[in-house]
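Working notes, structure below.
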There are 2 protein chains.
Amino acid sequence: MELVRIYESLCEPTRLRLLHVLAAGPLCVCHFQAVLREPQVKISKHLGYLRARGLVECEREGNWMIYRLPAKPSRELRSNLACLQDCVRENPVFRRDRARLAKLAPRLARTGPACCP
Amino acid sequence: MELVRIYESLCEPTRLRLLHVLAAGPLCVCHFQAVLREPQVKISKHLGYLRARGLVECEREGNWMIYRLPAKPSRELRSNLACLQDCVRENPVFRRDRARLAKLAPRLARTGPACCP
DNA sequence: GATTCATATTCCCTCAAGGGAATATGAATC
DNA sequence: GATTCATATTCCCTTGAGGGAATATGAATC
């Protein structure tokens, strides 16, 4: 059941944070590290997990791997991502992530989702 | 994070079916067995799991345990249950459960959620 | 109080998840 | 081609989930 794969992907806080941040746009791994302040292994493993289950897509760009939400998400995935965004709106951890992401915004605007140009 | 507990509860098919059936109203364990056609241990364990995480409530009535959705669900839980109902609407397994539940409806109307009067 | 019925719990097993340290990979640069 | 940088993978460990058989519990009945 696809739904179960989705819920399995959602039942870990780091992955929720990754998906929440991704909702704002594509991002490379080192930016995730900067935003979540979690070790590289952890970020990379969880992104790999999400990718294996089709919750994110990725593409290499030079040294960097750019992750994004799926271009054509299933109805189930769309509903659940929307529900997630709604649920975490007022959660301090997620707000903090958004705030850190916002500080990167000017750089992202210049260089695109990859880290350092 | 409460959200994670919710998603953990949702990432198993039997539990999704239980919650889906519960959305139609309170029910005792033996009715769950009849509707899901799963062994007693399995039903009981998963109901216990859901209960421990606050996704269902229960109350003894004579020999029977009546399970129901929480009287005052959190916003997160409400959103996710709604999302779940929406996602499974067209899924054959869940539809079959509903159909079997419907066949019990006349009896339920007479005796309440407990099994045999 | 012994039996019966509905339900819960225990025990045993297997398997996958999650964390971190260390190492591998693959692209770019010198 | 050696080095560097970003990212992925491997290895090792601990922990919890899930399934089923067997057993326990608690209420009702005889």
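Below, chains carry the letters A, B, ... as their sequence lines are ordered, and counting in each starts from 1. These numbers were taken from a predicted model, which means no experiment stands behind them.
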Output yes when at least one side-chain N/O atom of His31(B) is less than 4.0 Å from OP1 or OP2 of dA6(C), else no. no
Whole angstrom is fine here: how far is it from CG in Leu47(A) over to P in dT9(D)? 11 Å
When you measure from the side chain of Arg5(B) to the backbone of Tyr7(B), do you find a donor-acceptor pair of N or O atoms at a distance under 3.5 Å? no
Should Leu36(A) and Val41(A) be regarded as members of a common hydrophobic cluster, given that ILVMFWY residues are connected when their side-chain heavy atoms come within less than 4.5 Å of each other, either directly or indirectly? no
How long is the line joining CD of Glu12(B) and C1' of dC15(C), in whole Å? 14 Å
Tell me: CD1 of Ile43(B) to P of dT9(C), nearest whole Å? 15 Å
Are any side-chain N or O atoms of Arg17(A) and backbone N or O atoms of Phe94(A), one a donor and one an acceptor, separated by less than 3.5 Å? no
For a side chain to side chain donor-acceptor pair (under 3.5 Å) check, start with the C-alpha distance between Ser74(A) and Glu2(A), then their side-chain angles and the critical distance, and finish with the verdict. CA-CA 9 Å; Ser74(A) 66; Glu2(A) 198 214 337; 3.1 Å; yes
Are His46(A) and dA17(C) close enough that a side-chain N or O sits under 4.0 Å from OP1 or OP2? no
Atom-to-atom span, CZ of Phe32(A) to C1' of dA6(D) - whole angstrom: 14 Å
Answer yes if Leu22(A) and Met1(B) sit in the same cluster of Ile, Leu, Val, Met, Phe, Trp and Tyr residues linked by side chain heavy atoms under 4.5 Å apart, and no otherwise. yes
Which one, dA6(C), dA17(C), dT10(C), comes nearest to the side chain of Val41(B)? dT10(C)
Side-chain N or O of Arg60(B) closer than 4.0 Å to phosphate OP1/OP2 of dA8(C): no
Can you give the dot-bracket line for DNA chain C, using ( ) for pairs inside the strand, [ ] for pairs that cross earlier ones, | for pairs with another strand and . for unpaired bases, where Watson-Crick and G-U count if both distances are under 3.5 Å? ||||||||||||||||||||||||||||||
Just how far, in rounded Å, is P of dA27(D) from CD of Glu59(B)? 13 Å
Less than 4.0 Å between a side-chain N and a carboxylate O, is that true for Glu57(A) and Arg51(A)? no
Comparing Thr14(B) and Met65(A) on DNA chain D - which has the more 5′ nearest nucleotide: Met65(A)
Considering only heavy atoms and no angle criterion, is a donor-acceptor pair shorter than 3.5 Å present between the side chain of Gln40(B) and the base of dA8(C)? yes
Any Tyr67(B) side-chain N or O less than 4.0 Å from OP1/OP2 of dA8(C): yes
Whether Arg68(A) side chain and Pro26(A) backbone form a donor-acceptor pair below 3.5 Å: no
In whole angstroms, the gap separating P of dA16(C) from CZ of Arg53(A) amounts to 11 Å
Could you state the NZ-P distance from Lys42(B) to dT7(C), rounded to the nearest angstrom? 18 Å
With a 4.0 Å cutoff (strictly under), does any side-chain N or O of Arg51(B) reach OP1 or OP2 of dT7(C)? no
To the nearest angstrom, the CD-C1' distance between Gln33(B) and dA8(C) comes to 12 Å
Reading DNA chain C from 5' onward, which residue's closest nucleotide shows up sooner: Gly62(A) or Tyr49(A)? Tyr49(A)
Going by an N to O cut-off under 4.0 Å, is there a salt bridge joining Glu8(A) and Arg53(A)? yes
The residue, Asn63(A) or Ser44(B), whose nearest nucleotide of DNA chain C is more 5′ is Ser44(B)
